[in-house]
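Working notes for the structure below.
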There are 2 protein chains.
Amino acid sequence: MKKYTIKDIAQLAGVSKGTVDRVIHNRGNVAKDVEDKVRALLTEINYQPNLIARNLKNNKIFNIGILIPDPEIDAYWAVCTDGINSALAEFSAFDVRINTFLYDPTSTADFLTRNEQLLKSEPDVILMVPLFYKEATRVLKHYQSLNIPVGTFNNQITSSSASFIGQDLYQSGRIAAKLLHSISDKGDMAIVHIDEKYKNAVHMQEKEKGFRNYFENLDNFENTILTCKVKYIETEDKLRDFINDHPNLEGMFVTNSKAFHVARLLESEHKTHIKLVGYDLLCDNVNYLNTGTIDFLIHQNPRQQAYLGLKYLIEYLVFDKPIPEKFLLPIDIINSENVTPFLRP
Amino acid sequence: MKKYTIKDIAQLAGVSKGTVDRVIHNRGNVAKDVEDKVRALLTEINYQPNLIARNLKNNKIFNIGILIPDPEIDAYWAVCTDGINSALAEFSAFDVRINTFLYDPTSTADFLTRNEQLLKSEPDVILMVPLFYKEATRVLKHYQSLNIPVGTFNNQITSSSASFIGQDLYQSGRIAAKLLHSISDKGDMAIVHIDEKYKNAVHMQEKEKGFRNYFENLDNFENTILTCKVKYIETEDKLRDFINDHPNLEGMFVTNSKAFHVARLLESEHKTHIKLVGYDLLCDNVNYLNTGTIDFLIHQNPRQQAYLGLKYLIEYLVFDKPIPEKFLLPIDIINSENVTPFLRP
DNA sequence: CGCATTACTGTGTTCGAGCACAATTTATGA
DNA sequence: TCATAAATTGTGCTCGAACACAGTAATGCG
């Protein structure tokens, strides 16, 4: 299992390393019989070029444009930075530079503006969270025409062939259902969508479908599954009414990271017997997980999504590896006892 | 944010790269004022050597000895190979070679024999699963005296300072308790230890402690927590008696990967109302998870443990990075809905 | 046949760090 | 003062891949 170099192969084939190099890179100008001989040798000993030596020579500077929501506006995105930094640290030997553009996750206009800025920075590749389906579709098409590879994470834009890293949202809904079902098999269930402008409608619908599908496929479930849509600004009042209007409620599933709003209300209304499942390890959520008001959190792991997304792009740039089309992360179930290690940076 | 090389620094300091090199490696023979000047420059621009170029020159062959239980005897260990191969693939640019020695996890004598063979292979570093406390302590001490760094995973030998990768077993027990408690808050609970020769007594005890601690700290839990110890060979009969002797049993916690034995029995005895929590994604366990007889599995992730253990050792060898003393993996909670992505290699 | 063109092959340099060794400067002693 | 030792500093080669360019052989054509 010796490591073969170009020089070794040249010696074995009785030619010079230049010729071997020409064969490897299909640069032509090689006699057919020589080429066949070298190619046979290459496959025989399964030659793998030393990627490190290759990059020592080709020390280019790579620019990566990053377009993600502003964590100042939605704390959910804060941990992405950790993931990005991890990936950069892992490839610190290469000259990879990032330009990060933060957009307001409630504003499609801002998304487009920041995207313009991103374009001006002339990135070699782009990593983005394409929150808005319509706008993202257009933007992604544009990048495709410019031949700039794009990696997306968090939510998939199915109209585009861009690489995607995230979770199976349908399955995620099923997991929530399974969890609620296992801790409370009587009473009604509610699916709660909390969103400023229903921007994330598609994800939430997928989760709802999965959730409902789980219960529909049960033999013996006869209770009702309700849906409650709340705008961010009207959250508290509307939620209070909803809870009080449905005294038979035993379980609630909040389809994004805003479960702490519901938890706060359940505590103030003394309805903590209602089981609650939500998403993401925000401080507020974790606190309610520890008090027991939230029973389970599903971890969407934005940190890991950003990390992997960036890592794949860098590996494409420096090692010429193909970018995986789609990668679905495992979905972590979190309760008060296993949460701690997931919080570390 | 330019990437500085030794040459750049030499130029800035008005000396040759040889001198800079001597300063960086404290090789002496440098005039004090020159050394100060160079050192100041180094810190000022935060010089980071190009690890890749460094290793291009120092292309040594590294030998890693691996001592793990034989997956033919206990299938739990099978996925370790995947983790090891992942780590090797990640560092395929370097000449890292492994020598794997498999030992019978039920035999301390075999552990010692294989260890002798391992020693003869003259490894630079060692990765091992130190199943047997007494024997492992002795072996680890020996390696320390030989100055061979060792990484351990799965279980920690606290008497040694060897690097350890694994999970917090006490917390793992608490997680099992929390899960059982959340799906069944009435009736008695049983902790089931299934082990051929009580070899893993220490881990299982830690898990039991965590499990009991969780329930002891509850305000309103009045039921009994039983312990059931079974030898592998007598499993079925003794377990059947135990279950029938305790009609009030509502939850069972199997402290290792052998929950499928209990599940099989619960099905044949028509006691599937008893909630069951166990460990590890063995085929048998996953099947019972899907039928619903096992409610949750706790994922000890031996694959990731082996991967990280090997990765840290390789990074020590090729990049001279310090080996982390202790790394506790997050503990994954698995149910029938989120199991699939965890099974992929 | 001679010269040009094509077809092919080999050589040498580069990347950044490491290190041996050569070269230079400074110090020491008779 | 000068040889010699000691201290300090600079030079040049290496690793593996990439590629420019030089070199060689074969063929074409007048």
Side-chain angles (χ1 to χ4, degrees), chain A residues 1-39 41-42 45-62 91-96 317-321, chain B residues 1-39 41-42 45-62 91-96 317-321:
Chain A
M1 274 301 290
K2 186 190 178 308
K3 277 253 152 75
Y4 286 96
T5 71
I6 276 197
K7 219 165 131 189
D8 296 324
I9 290 158
Q11 203 161 15
L12 287 170
V15 295
S16 75
K17 64 198 181 82
T19 303
V20 176
D21 185 74
R22 272 183 288 269
V23 173
I24 289 172
H25 294 88
N26 298 309
R27 256 197 283 278
N29 290 324
V30 181
K32 192 158 277 175
D33 55 333
V34 176
E35 175 166 352
D36 290 346
K37 192 170 162 190
V38 171
R39 219 177 274 287
L41 257 171
L42 284 174
I45 65 181
N46 186 29
Y47 170 73
Q48 300 292 122
N50 185 329
L51 297 177
I52 275 163
R54 167 179 297 175
N55 264 88
L56 181 58
K57 182 67 204 298
N58 295 351
N59 55 347
K60 296 174 201 149
I61 297 172
F62 297 111
F91 291 92
S92 61
F94 305 96
D95 212 340
V96 174
L317 289 174
V318 296
F319 297 143
D320 214 26
K321 279 197 198 175
Chain B
M1 274 301 290
K2 186 190 177 311
K3 276 253 154 76
Y4 287 96
T5 71
I6 276 197
K7 222 165 129 189
D8 297 324
I9 290 158
Q11 204 161 15
L12 287 169
V15 296
S16 74
K17 66 195 184 84
T19 303
V20 177
D21 186 74
R22 272 182 288 269
V23 173
I24 289 172
H25 295 88
N26 299 307
R27 255 198 283 277
N29 291 325
V30 182
K32 193 159 278 174
D33 55 333
V34 176
E35 175 165 352
D36 290 346
K37 192 171 164 191
V38 172
R39 217 175 275 286
L41 257 172
L42 285 173
I45 65 181
N46 186 28
Y47 169 73
Q48 299 292 124
N50 185 329
L51 296 177
I52 275 162
R54 168 180 295 175
N55 265 88
L56 180 59
K57 182 64 204 297
N58 294 352
N59 57 346
K60 297 172 199 151
I61 297 172
F62 296 111
F91 292 92
S92 61
F94 305 95
D95 212 340
V96 174
L317 289 173
V318 295
F319 297 142
D320 214 26
K321 278 197 198 175

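Model, not experiment: these values are computed from the prediction. Computed over heavy atoms, backbone and side chain alike; hydrogens, waters and symmetry mates excluded. Proteins come first, then strands; the chains are lettered A, B, ... in the order of their sequence lines, and each starts at number 1.
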How does protein reach along nucleotides 11-19 of chain C, written 5' to 3' as B (base within reach of a heavy atom under 4.0 Å), S (only sugar-phosphate), or - (no contact)? BBBBBBSBB
Grab the two heavy atoms, one from A/Ile6 and one from A/Lys17, that are nearest each other, plus how far apart they are. CG2-CB, 3.4 Å
Counterpart residues, side-chain contact (heavy atoms from CB on, under 4.5 Å), relative to B/Leu12 (two or more places apart): B/Tyr4, B/Leu41
Pick from A/Asp36, A/Val15, A/Val30, A/Ile9: which one makes a side chain to side chain contact (heavy atoms under 4.5 Å, CB included) with A/Val23? A/Val30
Ordered by number, residues from residues 28-35 of chain A within less than 4.0 Å of DNA chain D (heavy atoms) are none
Set of residues satisfying side-chain hydrogen bond (donor to acceptor under 3.5 Å, both in side chains) with respect to B/Arg27, sequence neighbours excluded: B/Asp21
Starting at atom NZ of A/Lys3, determine the distance to atom P of D/dC15, rounded to an integer number of angstrom. 17 Å
Are the side chains of B/Ile52 and B/Arg54 in touch, meaning some heavy atoms are under 4.5 Å apart? no
Under the salt bridge (charged side-chain N to carboxylate O under 4.0 Å, His left out) test, residues paired with B/Lys321 that sit two or more places apart: B/Glu315
Nearest heavy atoms of B/Ala10 and B/Ser16, plus distance in Å: CB-C, 3.6 Å
In which stems does DNA chain C show up, taking only runs of three or more Watson-Crick or G-U wobble pairs whose two distances fall under 3.5 Å? C:1-30 with D:1-30
Between the main-chain N or O of A/Phe94 and the side-chain N or O of B/Lys3, is there a donor-acceptor pair closer than 3.5 Å? yes
Taking all non-hydrogen atoms of both residues into account, name the closest pair between B/Leu56 and A/Ala53 and its distance. CD1-CB, 3.7 Å
Under the 3.5 angstrom rule, does the side chain of B/Lys37 hit a backbone N or O of B/Ala13 as a donor-acceptor pair? yes
